[in-house]
Structure formats: C-alpha cells, structure tokens
Amino acid sequence: MAEIAHDFFPLIRVYKDGRIERLMGEGLVPAESDPETGVQIKDIEIDPKINLSARLYLPKNLDPVHKIPLLVYFHGGGFVIESASSPTYHKHLSMVATEAKVVIVSVNYRLAPEYPLPIAYEDSWRALKWVGSHAKGDGNEPWLKHHADFNRVYFGGDSAGGNIAHNITIRVGSEKLEGMKLNGIFLACPFFWGKDLIDGEGENLGAKNYVEKLWLFVNPNSSGLDDPLINPEKDPKLCSLGCEKVLVYVAGKDPLRYRGFYYKEALENSKWRGTVEVVEIKDEEHVFHLFSPTAENSRAMLRKLVSFFNQSKA
C-alpha cells in the first residue's frame, strides 16, 4: 500500500511516490444553458499556454441598451481542489446571475500542489487583465463587450476564493485597473488565519493545525500564518484596498468565522475609507450556500447579494 506524504482529508492526499489524489471537487458540469434559470453558460480560453480559462454566465432577457454589473468570481477549495466547471458552483452562480442580473466571469486558475502559490494569484490577475481588455472594446468576448458595465465591477469568492478576491483587490489598490471601476467585493467564509489565536479559536486547535499545514503545503515559500496573504492585518497595504465596500459572510459552525469578524476590525483600523459589513448565519457550516443553494439561508444571502451588486447605478 502506498505511503501517504500529505493528508488533507477531505480535500486531497499526496503519496510519497508523488501520486496526487483529489478526494472531492473533481466533477464537471458541461457549459450549457441552465434549464431552470435560463442563464447562458460558456467556457472561454484566456491563455491556452498555461491552461488558464474561465466560465461565463449571462442572464436571459437582457436590455440591449442598458448594461449590467460584472462579477469576477474566484472559486474555493483550499487552493487544491474544485474548478470553474464544478457542480459546486454551477447552481449557485446560475442563481446569482439570474437574480442579481449580473454577467459573471468565473476564473479557472491553476491548483496547488502542481502549481503552488502565488500561481493562483497570478492567474487570477492575468484573467482580470483579460476582462479589462474589453472595457475599451479591445477584447473579443461579445458577452463582455455588449453587456458588461465596467463602471460596476465586483469581485466575489468563497473560502480560498475569498482569499484570492481580497488579495487581488489589494493589488487593484496599488496598480489600478484601467477602464474598470471596482465597486465592491463579496467574501463568503474567507480563508484567513493568523499566528496568534483570537476569540474562540483556542477551542479548536485542530483547525489551526490543519490550516497552518495546508497553507504551507500550497505556499511552501510562505513565512507562515502571519504572511499578509493569509493574515490581512499584517499587510501594510490593507488601507489601500481597491474598492469602496466589502460584504463578508461567515457561518456559525465554521472555524474560520472569527477571522471574518477580525477582517472587518482590521480594515476599519487600517484607515481604509470604505464600508465593510459582516453577516453571520448562526447554524450553518463552511460555504453552506454552495451545498444547499435553494435553502432559506442561502436564498437570504442571494437577496443580500442582489442588493449589494445593484446599489451603484451607472
């Protein structure tokens, strides 16, 4: 029997002979219109040389004159599993597209350990630059050219994808995005932590141990849990987060919940000039909305997102 080198159940196992076994997140949904919502879906290549792609969602019954907000989404999965084509995201993002009337670009970045961090961040930034190329009509994707309002751009992500959304927004604050205005970001159960325990984290030391080992596995050159990439409070650039508003969802049964509240505190203490709101769903688990997208708590989140994405008018 092959010996295990790294065991991150229920996500991934790596064996000493080099074999990688992903334990979930391997399923694929074809890029076809969603029959329940009528949302059109298609996959596009951004950079075939590095296998960088995205899945696009376009709601039905659009006004050909008035453009709609654009959501750039980063999937979760601990940086090691899932994809933009995963069943985990198909229903949720189809519902977001149709209810909030937004165009969605779901980025299919490369995964660790084959492609350790910072590759996921670099892929996401490259995808964002590709999206931005359409702001002045240079890109060749008609859904973005004809329907996306580049003055109403949002980022979103869950878990590791929330981490990516935050870190890409930090980069937007320092490098800017020509032709695009990033209004806000939505982070669901974001993957943040830190070296020093806060609030109730001491009640679950197993969670800290798991997060720390996983973080160093996906980012082997990291300094550890006080790396600004996983602990935003340690980032000197936090005050220049490149958007005006942040919405964070945390789940009451999720060990990461304390970091969601701490993120709000860190942002407010950093002299960042935007507004941040944290919504806690008491009796739910990590990324609950992805596994039960039609449940009442998930629908309440969806209603909140509809408002969040449509507060700023062109």
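Sorted by first and then second residue, the side chain to side chain donor-acceptor pair (under 3.5 Å) pairs involving residues 71-84 (not counting sequence neighbours) are Tyr73-Asp158, His75-Tyr109, Glu82-Ser86, Glu82-Thr88. A ring pair (Phe, Tyr, Trp, His ring centres under 6.0 Å) check over residues 39-69, counting only residues at least two apart or in different chains, returns nothing.
Salt bridge annotation for Arg257-Glu280: present, with a cationic side-chain nitrogen under 4.0 angstrom from a carboxylate oxygen. Ion pairing between Glu277 and Lys304 holds under the 4.0 Å rule for side-chain N and carboxylate O. We find that Lys145 and Glu141 are not joined by a salt bridge, their nearest charged nitrogen and carboxylate oxygen being 4.0 Å or further apart.
Every residue was checked against the side-chain hydrogen bond (donor to acceptor under 3.5 Å, both in side chains) condition with Glu99, not counting sequence neighbours, and none meets it. With sequence neighbours excluded, the residues forming a side-chain hydrogen bond (donor to acceptor under 3.5 Å, both in side chains) with Asp43 are Arg55, listed by chain and number. With sequence neighbours excluded, the residues satisfying side-chain hydrogen bond (donor to acceptor under 3.5 Å, both in side chains) with Asp254 are His286. Listed by chain and residue number, Arg171 satisfy the salt bridge (charged side-chain N to carboxylate O under 4.0 Å, His left out) test with Glu122 (two or more places apart in sequence, or in another chain). For His166, the ring pair (Phe, Tyr, Trp, His ring centres under 6.0 Å) partners are Phe192, Tyr263, not counting sequence neighbours. Qualifying ring pair (Phe, Tyr, Trp, His ring centres under 6.0 Å) partners for His134, counting only residues two or more places apart in sequence or in other chains: Trp130.
Within a 6.0 Å radius of CG in Asn51, no more than 12 heavy atoms belonging to other residues, nucleotides or ligands are found.
With contacts defined as side-chain heavy-atom distances shorter than 4.5 Å, the pair Cys243/Val172 does not qualify. Side-chain contact between Asp34 and Lys91 is present, with at least one heavy-atom pair separated by less than 4.5 Å. Side-chain contact between Leu144 and Val105 is present, with at least one heavy-atom pair separated by less than 4.5 Å. Side-chain contact between Ser85 and Asn108: absent, with no pair of heavy atoms (C-beta onward) separated by less than 4.5 Å. The side-chain heavy atoms of Met180 and Val131, taken from C-beta on, include a pair separated by under 4.5 Å. Looking at Trp143 and Gln40, their side chains come closer than 4.5 Å, going by heavy atoms from C-beta outward. Considering only heavy atoms from C-beta on, Leu247 comes within 4.5 Å of Val279 through its side chain. In this structure, Val80 and Leu111 have side chains that are not in contact, with every pair of non-hydrogen atoms separated by 4.5 Å or more.
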All N/O donor-acceptor pairs, side-chain side in residues 213-221, below 3.5 Å, sequence neighbours left out:
unit_1 : atom_1 : unit_2 : atom_2 : d
Trp215 : NE1    : Ser222 : OG     : 2.8
Trp215 : NE1    : Gly224 : O      : 3.4

Review item, side-chain donor-acceptor pairs of residues 228-238, under 3.5 Å, at least two apart:
unit_1 : atom_1 : unit_2 : atom_2 : d
Asn231 : OD1    : Glu233 : N      : 3.4
Asn231 : ND2    : Asp226 : OD1    : 2.9
Glu233 : OE1    : Tyr262 : OH     : 3.0
Glu233 : OE2    : Tyr262 : OH     : 3.2
Asp235 : OD1    : Lys237 : N      : 2.9

Can I get a per-line list of side-chain donor-acceptor pairs under 3.5 Å for residues 293-301, giving both atom names and the distance, sequence neighbours left out?
unit_1 : atom_1 : unit_2 : atom_2 : d
Glu296 : OE2    : Arg303 : NH2    : 2.8
Asn297 : ND2    : Glu284 : OE2    : 2.8
Ser298 : OG     : Ser292 : O      : 2.6
Arg299 : NE     : Thr294 : O      : 3.2

Give the table of side-chain donor-acceptor pairs shorter than 3.5 Å for residues 113-121, with sequence neighbours excluded, one pair per line with atom names and distance.
unit_1 : atom_1 : unit_2 : atom_2 : d
Glu114 : OE1    : Arg22  : NH2    : 2.8
Glu114 : OE2    : Arg22  : NH1    : 3.0
Tyr121 : OH     : Asn163 : OD1    : 2.7

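Rounded to the nearest 0.5 angstrom, Phe155 CZ and Ile168 CD1 are separated by 7.0 Å. One distance of note links OG of Ser124 with NZ of Lys129; it measures 14.0 Å at 0.5 Å rounding. With rounding to the nearest 0.5 Å, the separation of CE in Met95 from NE2 in His90 is 11.5 Å. From Trp272, atom CH2 reaches atom CG of Leu267 across 5.5 Å, with rounding to the nearest 0.5 Å. The line from NE2 of His289 to SG of Cys189 is 6.5 Å long, rounded to the nearest 0.5 Å. We find the CG-CG distance between Asp123 and Leu128 to be 12.5 Å, quoted to the nearest 0.5 Å.
A single hydrophobic cluster is not seen to contain both Leu62 and Val96; linkage of ILVMFWY side chains at heavy-atom distances under 4.5 Å, directly or through other members, places them apart. One hydrophobic cluster holds both Ile164 and Leu187 under the rule that ILVMFWY side chains link at heavy-atom gaps under 4.5 Å. The hydrophobic cluster containing Phe309 does not contain Ile185, counting ILVMFWY residues as joined when their side-chain heavy atoms lie under 4.5 angstrom apart, directly or transitively. Put simply, Phe291 and Phe288 are part of the same group of oily side chains (I, L, V, M, F, W, Y) that touch within less than 4.5 Å, one to the next. Cluster membership check: Ile170 does not share its hydrophobic cluster with Phe186, using side-chain heavy-atom separations under 4.5 Å among Ile, Leu, Val, Met, Phe, Trp and Tyr.
Judged by distance alone, with hydrogens and angles left aside, the side-chain atoms of Asn183 form a donor-acceptor pair with the main-chain N or O of Lys181 at under 3.5 Å. Side chain of Lys208 to backbone of Lys195: a donor-acceptor contact under 3.5 angstrom is found.
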CA sep, side-chain torsions, deciding dist, call: Trp125, Leu177, side chain to side chain contact (heavy atoms under 4.5 Å, CB included): CA-CA 10 Å; Trp125 184 255; Leu177 281 171; 4.1 Å; yes

- request: Could you walk me through whether Lys67 and Arg152 pass the side chain to side chain contact (heavy atoms under 4.5 Å, CB included) test, one step at a time?
  value: CA-CA 10 Å; Lys67 295 188 176 183; Arg152 288 188 288 163; 5.7 Å; no

task: Would you please test Leu56 and Val103 for side chain to side chain contact (heavy atoms under 4.5 Å, CB included) and show each step?
output: CA-CA 7 Å; Leu56 275 58; Val103 185; 5.6 Å; no

Leu241 vs Val246, side chain to side chain contact (heavy atoms under 4.5 Å, CB included): CA-CA, chis, key distance, verdict: CA-CA 10 Å; Leu241 188 76; Val246 175; 3.8 Å; yes

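In terms of heavy atoms, Val211 sits closest to Leu225 at CG1-CD2, 4.2 Å. Considering every non-hydrogen atom in both Pro255 and Asn204, the closest pair reads CG-ND2, 3.7 Å. Here the shortest heavy-atom pairing between Asp17 and Ala2 reads OD2-CB, 4.2 Å. Residues Leu23 and Pro10 share a closest heavy-atom pair of CB-O, 3.4 Å. Scanning both residues, Ala160 and Gly78, for their nearest heavy atoms gives CB-N, 3.7 Å. Scanning both residues, Leu182 and Gly242, for their nearest heavy atoms gives CD2-O, 3.4 Å.
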